[in-house]
Number of protein chains: 2
Amino acid sequence: MKSVNITIKDIAKALGLSLSTVSRALKGSYKISEATQQRVKNYAAEHHYRPNLIAQRLKNKNSRCIGVALGTIPNSFYAEVMNGIESVAYEKDYMVIVTQHFESYEREVKNLENLTWRSIDGLLVSLSSETKDLSHLTKMQQQELPIVYFDRVPEHQACHKITTDNFGGAYEATTHLIQIGYQRIAHITSSPHMSISRGRLEGYYQALADHDMPQQEQYIKYCRHGGMLPEEVENALDELLKLPEPPDAIFTASDRLTMHTFTLLRKWNIAIPSRVALAGFSNFASPELLDPALTTVKQSAFEMGSLATRLMIELIESKRPVEGFQHKVLATELCVRESSAGIIAVH
Amino acid sequence: MKSVNITIKDIAKALGLSLSTVSRALKGSYKISEATQQRVKNYAAEHHYRPNLIAQRLKNKNSRCIGVALGTIPNSFYAEVMNGIESVAYEKDYMVIVTQHFESYEREVKNLENLTWRSIDGLLVSLSSETKDLSHLTKMQQQELPIVYFDRVPEHQACHKITTDNFGGAYEATTHLIQIGYQRIAHITSSPHMSISRGRLEGYYQALADHDMPQQEQYIKYCRHGGMLPEEVENALDELLKLPEPPDAIFTASDRLTMHTFTLLRKWNIAIPSRVALAGFSNFASPELLDPALTTVKQSAFEMGSLATRLMIELIESKRPVEGFQHKVLATELCVRESSAGIIAVH
DNA sequence: CCGTTTTATGCAAACGTTTGCCCAAATAAA
DNA sequence: TTTATTTGGGCAAACGTTTGCATAAAACGG
């Protein structure tokens, strides 16, 4: 590509000034007279001068560019988060480089390496479901690269993070299922070591406990790949349904798991909710259009992205290292629909 | 962020060589002895040398970075396209900067300006529905920035593009509606000046013509913002239903329009397909789960993204300017489901 | 043994900024 | 008038590469 932009040198030549004077005039102040500043600024404006970002970056080490690592873009939750990220980035004049790790630890590591190599100003990360070892990330933090985690965050590490109220969302959904009469509520979730899985599992447990219902291991199914492999959901569901006392309701812990479960139940002609009710975390845009309309726990995905990005930019632009770590928790919204219509209503 | 990477200078110092020798050794050949090359390469590998991309870019003007301009990421079609783009970019060791224009011409222009300012190697563009004036893009092409358009492409301009067989997809869907007995088939589409709208409209017309059915203006509704404003779809649909002879089937031209129409029909309690059938372009992941299951014309979104990116990288990496322009057309897939169950079957 | 070619390497400029330091002129203080 | 201070601006190095040109050493031909 032919570069067609004018440079500081061009301005200096045209105005009979030195490079340094022009540079300083453009940034305002620093002992350059008002008159000269105006001359320079006017000339720059007239000729559409735009500083060469590459050169600036080489000098200054800042690129106004934010890297993002997430699972996969077509996931409706992440797509909405990306929307939030991009929107704030645009507003603040940053750009966004996006990478997908497809829930693979190896790919996550590679992506993050690539991103930092490209000297971005900060990193927005949602961990892969395989990730247990965080050394690649702590290394980056030690290099003082600002990192903000969202959704799937490290649990035992001081860091900035934006999360969903996983406990609360799960508690509310499970309580809802209990209150309308379901007795044997199963839970399909992802890797047990993930922050979101843990929070949701605990919310589920607490709801059972608060309503004097037993916690039964047989009703908990883990999908280690978070539903990236269709058969893991299939197996989980199959095992649940084959139990001597199969569940009368299922609470699913993530977007992908919810949709997979829903699809399988439909495919296997298992009536929802009469044979088994379904409620789950999901950010699918129109759950009310499904058959039956799906009861969902909805996360504030856009807000998660935008908050994370605002915090990120704050971190980048603050001169002094920010003291302490921020952790924001976003509320969920339970939307009750037909897929969890009460037993009472049905009988 | 503290840069912790070693530089060519470090290698040169450690090995007692000059910068130029190290640089050339790393790139292989250019009259550097095998022995030295190995020494340098080994040292570089041991110390995890990675060339500073910023510096390289300043010298060479290539960044291994591709800019993308599209409507909005949460749109399931674009999300899947992005997946294709990112996947190929990863494979070829490029990174992707993504911007959303939200179907606004102004924002498209700004985004593209920002992208080029950041000296990317190439641009993947899907035009906004407002875009008529292409001068901002032709200017970039003249600067020899490689551009590949996808989905919404300039119609009257020599350029590289990947499109869907809009004509064919629309023809097939309309023919399907005709063949199972619908008589008054309406068409809801976006801006009439867009390439995709035109192709789909023509496919629709041709299908009518080939089956000796009249083309009636009253059955064509344009949504200038492609459904970004909910009320434009609402108005369009309302007008259609209020006609003395309302349509008995609707063919919608895009993802957003299809979902909006579907939602409204459900909301207004208009039975699908008995009162009005629905078939439309959509890349929603599970249309079979809707109530009723939705007949869709599905585009190869992932493939569109991956093909566009492969072509892009080819353009970037070819030494000689590529002669001629490529235009690839991807087939659509019609999936017939309940929302267009035949009239015959219903009666 | 000398001149020429080949081979392997180094020097320095360049990419477009930023910035520490220096300096001339103007002004103020003595 | 001399000295000190302020004001406005320039020089040059630096960021980490790449690359045209120069050059020293080795190999070769005569």
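Each chain gets a letter, A, B and so on, in the order its sequence line appears, and its residues count up from 1. In this text, all values refer to a predicted model and were calculated from it rather than measured experimentally.
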When A:S33 and A:L19 are each assigned the nearest nucleotide of DNA chain D, the 5'-most assignment goes to A:S33
Considering the terminal five base pairs at each end of the helix from C:dC1-D:dG30 to C:dA30-D:dT1, what angle separates the two local helix axes, rounded to 10°?
60°
Using whole Å, report how far CD1 of A:I32 lies from C1' of D:dT6.
15 Å
Whole-Å distance, A:W117 CH2 to D:dT17 C1', equals 13 Å
Decide side chain to side chain donor-acceptor pair (under 3.5 Å) for A:T21 and A:S18; before the verdict, give the C-alpha distance in whole Å, the side-chain angles of both, and the deciding distance to 0.1 Å.
CA-CA 5 Å; A:T21 305; A:S18 75; 3.0 Å; yes
Rounded to whole angstrom units, what separation is found between the CG atom of A:N62 and the C1' atom of C:dT17?
12 Å
Between B:I54 (CD1) and D:dG16 (C1'), how many Å, whole number?
10 Å
May I ask you to verify if any side-chain N or O of A:K61 is less than 4.0 angstrom from the OP1 or OP2 atom of D:dC15?
no
d(CG, A:N60; P, D:dG16) in whole Å
13 Å
Counting only heavy atoms from other residues, nucleotides and ligands, does the tally under 6.0 Å from CD of B:E106 exceed 12?
no
Shortest non-hydrogen separation from B:M304 to B:I162 and the atoms involved:
CE-O, 3.9 Å
A:R39: side chain to side chain donor-acceptor pair (under 3.5 Å) partners, not counting sequence neighbours
none
Under 4.0 Å between any heavy atoms, over every strand shown, what does B:S23 touch: base, sugar-phosphate, or nothing? Just pick one.
base
May I ask you to verify if any side-chain N or O of B:Q56 is less than 4.0 angstrom from the OP1 or OP2 atom of D:dT18?
yes
A:I8 CD1 to C:dT17 P, straight-line distance once rounded to whole Å:
5 Å
Check whether any side-chain N or O of A:K9 sits under 4.0 Å from OP1 or OP2 of C:dA14, and answer yes or no.
no
Rounded interatomic separation in angstrom, taking NZ from B:K13 and P from D:dT17:
13 Å
Counting only side-chain nitrogens and oxygens, does A:Y49 get under 4.0 Å of the OP1 or OP2 atom of C:dT17?
yes
Salt bridge (Lys or Arg N to Asp or Glu O under 4.0 Å) partners of B:K27, counting only residues at least two apart:
none
Show the numbers, then the answer: is there a side chain to side chain donor-acceptor pair (under 3.5 Å) between A:S33 and A:T36?
CA-CA 5 Å; A:S33 70; A:T36 313; 2.7 Å; yes
B:K59 side chain, from C-beta outward: closest of D:dC15, C:dC15, D:dG9
C:dC15
Whether A:T7 contacts C:dC15 is assessed here as follows: a side-chain N or O lying under 4.0 Å from the phosphate OP1 or OP2. Is that the case?
no
Could you list, one pair per line, each protein nitrogen or oxygen that sits under 3.5 Å from a nitrogen or oxygen of nucleotides 24-26 of chain D, together with the distance?
none

Mind checking side chain to side chain donor-acceptor pair (under 3.5 Å) for B:R152 and listing every partner two or more places apart, or none if nothing turns up?
B:Y78, B:E103
Just checking, is any N or O donor in the side chain of B:T163 or B:H327 under 3.5 Å from an acceptor N or O on the other one?
yes
Has B:K92 got more than 12 heavy atoms of other residues, nucleotides or ligands less than 6.0 Å from its NZ?
no
Classify B:S20 by what it touches in the nucleic acid, base, sugar-phosphate, or nothing, heavy-atom distance under 4.0 Å.
base
All side chain to side chain donor-acceptor pair (under 3.5 Å) counterparts of A:S300, not counting sequence neighbours
none
With DNA chain C as reference, determine whether B:L58 or B:T21 sits nearer its 5' end, using the nearest nucleotide of each.
B:T21
Do A:S18 and D:dC11 have a side chain to base donor-acceptor pair shorter than 3.5 Å?
no
To the nearest angstrom, the CG-P distance between B:L53 and C:dC15 comes to 21 Å
Under 6.0 Å between ring centres: does that hold for A:H136 and A:Y105?
yes
Can you find a donor-acceptor N/O pair under 3.5 angstrom joining the side chain of A:R24 to the base of C:dG20?
yes
Let's test your reading of the model: under 3.5 Å, does the base of C:dG16 pair with the side chain of B:R57 as donor and acceptor?
no
